[in-house]
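Below you'll find the structure, written out as structure tokens, and then a few comments.
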Amino acid sequence: MSERTGLAGEAEELDAADPLAAVRGEFVLDDVTYLDGNSLGALPAHVPGRVEDVVRRQWGELRIRSWDESGWWTAPERIGDRIAPLVGAAAGQVVVGDSTSVNVFKALVAAVRMAQTDGADGADAPADRGSGGGGSGGGSGAGAVRDEILVDATTFPTDGYIADSAARLTGCTLRPVLPAEVPSALADRGDRTAAVLLNHVDYRTGRLHDLPALTAAVHAAGAYAVWDLCHSAGALPVGLDEHGVDLAVGCTYKYLNGGPGSPAYLYVRRDLQHRFDSPLPGWNSHAEPFGMRPDYAPAAGAVRGRVGTPDILSLLALEAALDVWDGAGVSVAAVRAKSLALTDFFLRCVGAYVPGGRAESLTPAAHAERGSQVALRCDGAGDVMKRLIERGVVGDYRPPDVLRFGFTPLYVGFADVERAARVLAETLTG
């Protein structure tokens, strides 16, 4: 038996034993091997019917009545509560709306404002609270000026742009650092740090960063941790409450399959909500939104993260998409177990099929350091991806030389993985 035949047979056996295999039938798929769910998730099959009801009945017949009768007004918090368990949060701490970029801006500015007023309003600094994984060490320094923001130097560009704008708005200096260097950067100047913005998973390489340890280091320095969960939510455990994360944001169109441009979400830890001072106060987050008062008074709870009128069509499409998580056996733990099995198998197949030196993995082999994607470096990566797509294997390309393959365990199978590696090998050698 050839190695290729052996791996193909193994893929069939793994698919037959896969406890999540039946979930694949809940998505609109074809013969294409779709490994780009880390950019845009596949369409859950029941979503079009749900959206049709929203358009024809809720909008077309009920019209304005749907804000109350169809629950439109409370949708941002209701859907936030459905996302909450997927990121390890209790209810009442996640609100859905706006884009990831807008939510990064809200979270980062609010974090700096809290850091710069710690002690002045009787609030404890993170190091003093020791919440979650936060340390009890020093670094908070009585009277210290919190005038620096640390940002992941390898971050998705928009996060960097937003961090720079937030720094200028709040009178801070922006310091780009590699995630691995955050503890040493905080040891050096932690008493000046107001907030740290980090990505849970590196969008380019798929590297999973140590959220518990980095959050603890940020708290020990008396600063606030803001996490971008775009490439982790719905693919692996996050543990926001467990690890005492202060603020977090994420998109919903990747592993949560909410659809193109579906609204993002904002997490504000419960004990910080009364201090969350949004730089974008809007009528939707007012304590009395229909009072139309000239002065702003923030609402209680995570509702403070709202701004303006929510995008109802996209919001309710997302709500429908989240139904796939309600099936028996569908859990973040099960998804993570399959994700690691899929990426392990893909790396094995690439190693077996692709001639040495033609493709180099940038994604860590260690499970504790791996998200749900595999990034391969190869010559002519842009052209290689075009040829892969022409042959029905869809991933994506990041300049200058990176092929990205995302593995969404809810609908990707082991046969998909074997085929992708085989077609990649044929493309590179053809």
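Counting begins at 1 with the first residue of the sequence. Bear in mind the structure is a predicted one, so any value in this text is a computation, not a measurement. The figures that follow rest on heavy atoms only: side chains count, while hydrogens, waters and symmetry mates do not.
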Taking [Y]'s backbone N and O only, do any of them form a donor-acceptor pair with [X]'s side chain (distance below 3.5 Å, no angle check)?
{"X": "Thr170", "Y": "Ala166", "value": "yes"}
{"X": "Arg304", "Y": "Ala299", "value": "yes"}
{"X": "His286", "Y": "Ala297", "value": "yes"}
{"X": "His243", "Y": "Leu211", "value": "no"}
{"X": "His209", "Y": "Asn199", "value": "yes"}
{"X": "Thr363", "Y": "Ala375", "value": "yes"}
{"X": "Asn257", "Y": "Tyr255", "value": "yes"}

Are side-chain N/O atoms of [X] and [Y] paired as donor and acceptor at under 3.5 Å?
{"X": "Ser262", "Y": "Ser314", "answer": "no"}
{"X": "Tyr224", "Y": "Asp118", "answer": "yes"}
{"X": "Tyr296", "Y": "Ser285", "answer": "yes"}
{"X": "Thr100", "Y": "Asn103", "answer": "no"}
{"X": "Asp81", "Y": "Gln93", "answer": "no"}

Is the closest side-chain heavy-atom distance between [X] and [Y] below 4.5 Å?
{"X": "Phe276", "Y": "Lys106", "value": "yes"}
{"X": "Thr343", "Y": "Arg370", "value": "yes"}
{"X": "Val196", "Y": "Val226", "value": "no"}
{"X": "Val109", "Y": "Leu169", "value": "yes"}
{"X": "Leu376", "Y": "Phe405", "value": "yes"}
{"X": "Asp246", "Y": "Leu272", "value": "yes"}
{"X": "Asp228", "Y": "Thr155", "value": "no"}
{"X": "Leu150", "Y": "Leu197", "value": "no"}

Considering only NZ, NE, NH1 and NH2 on the basic side and carboxylate oxygens on the acidic side, decide whether [X] and [Y] come within less than 4.0 Å.
{"X": "Asp344", "Y": "Arg348", "result": "no"}
{"X": "Asp416", "Y": "Arg24", "result": "yes"}
{"X": "Arg82", "Y": "Asp323", "result": "yes"}
{"X": "Arg306", "Y": "Glu77", "result": "yes"}
{"X": "Glu148", "Y": "Arg192", "result": "no"}
{"X": "Arg50", "Y": "Glu319", "result": "no"}

Considering non-hydrogen atoms only, spot the tightest contact between [X] and [Y] and give its length.
{"X": "Phe105", "Y": "Ser165", "result": "CE1-OG, 4.3 Å"}
{"X": "Pro263", "Y": "Leu318", "result": "O-CD2, 4.2 Å"}
{"X": "Thr408", "Y": "Gly37", "result": "OG1-CA, 3.6 Å"}
{"X": "Val95", "Y": "Ala302", "result": "CG1-O, 3.5 Å"}
{"X": "Leu62", "Y": "Ser70", "result": "CD1-OG, 3.5 Å"}
{"X": "Thr154", "Y": "Arg204", "result": "O-NH1, 4.4 Å"}

Give the ring-plane orientation class for Phe156 versus Tyr203, where under 30° counts as parallel, over 60° as perpendicular and anything between as tilted.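 Perpendicular: the ring planes of Phe156 and Tyr203 meet at over 60°.
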Step through it carefully: locate the ring centre of Trp227, locate the ring centre of Tyr267, and say whether they are under 6.0 Å apart.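 No; Tyr267 has its ring centre 6.0 Å or more from that of Trp227.
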Derivation of the side-chain contact (heavy atoms from CB on, under 4.5 Å) call for Cys172 and Gln116: CA-CA 10 Å; Cys172 288; Gln116 292 179 341; 3.7 Å; yes
Going through the distances and angles, do Leu362 and Val402 end up as a side-chain contact (heavy atoms from CB on, under 4.5 Å)? CA-CA 9 Å; Leu362 301 178; Val402 177; 3.7 Å; yes
For atom CH2 of Trp67, is the number of surrounding heavy atoms from other residues, nucleotides or ligands below 6.0 Å larger than 12?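 Yes, enclosed.
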Should we count CG of Asp379 as having more than 12 external heavy atoms under 6.0 Å?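 Check fails, neighbour count at 12 or below.
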Rounded to the nearest 0.5 Å, what separates atom [atom1] in [X] from atom [atom2] in [Y]?
{"X": "Thr193", "Y": "Leu186", "atom1": "OG1", "atom2": "CG", "value": "5.0 Å"}
{"X": "Arg189", "Y": "Ser184", "atom1": "CZ", "atom2": "OG", "value": "13.0 Å"}
{"X": "Leu240", "Y": "Leu229", "atom1": "CG", "atom2": "CG", "value": "5.5 Å"}
{"X": "Ser66", "Y": "Trp73", "atom1": "OG", "atom2": "CH2", "value": "14.5 Å"}
{"X": "Cys230", "Y": "Leu256", "atom1": "SG", "atom2": "CG", "value": "10.0 Å"}
{"X": "Phe346", "Y": "Phe414", "atom1": "CZ", "atom2": "CZ", "value": "13.5 Å"}

Enumerate the residue pairs fulfilling salt bridge (Lys or Arg N to Asp or Glu O under 4.0 Å) with a member in residues 277-297, sequence neighbours excluded, ordered by first and then second residue.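 Those involving residues 277-297 are Arg113-Asp277, Glu288-Arg293.
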Output, in order, the C-alpha distance, side-chain angles, deciding distance and verdict of side-chain contact (heavy atoms from CB on, under 4.5 Å) for Val307 and Asn284. CA-CA 5 Å; Val307 182; Asn284 261 233; 6.0 Å; no
Quick check on side-chain contact (heavy atoms from CB on, under 4.5 Å): which of Arg275, Arg269, Gln273, His274 does Asp271 satisfy it with?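 Passing option: Arg269.
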When you look at Arg336 and Ser372, which way does the side chain to side chain donor-acceptor pair (under 3.5 Å) test go after all the steps? CA-CA 8 Å; Arg336 177 58 168 167; Ser372 200; 5.9 Å; no
Is there a side-chain contact (heavy atoms from CB on, under 4.5 Å) between Thr252 and Ile83? Walk through the geometry before answering. CA-CA 9 Å; Thr252 61; Ile83 291 173; 4.0 Å; yes
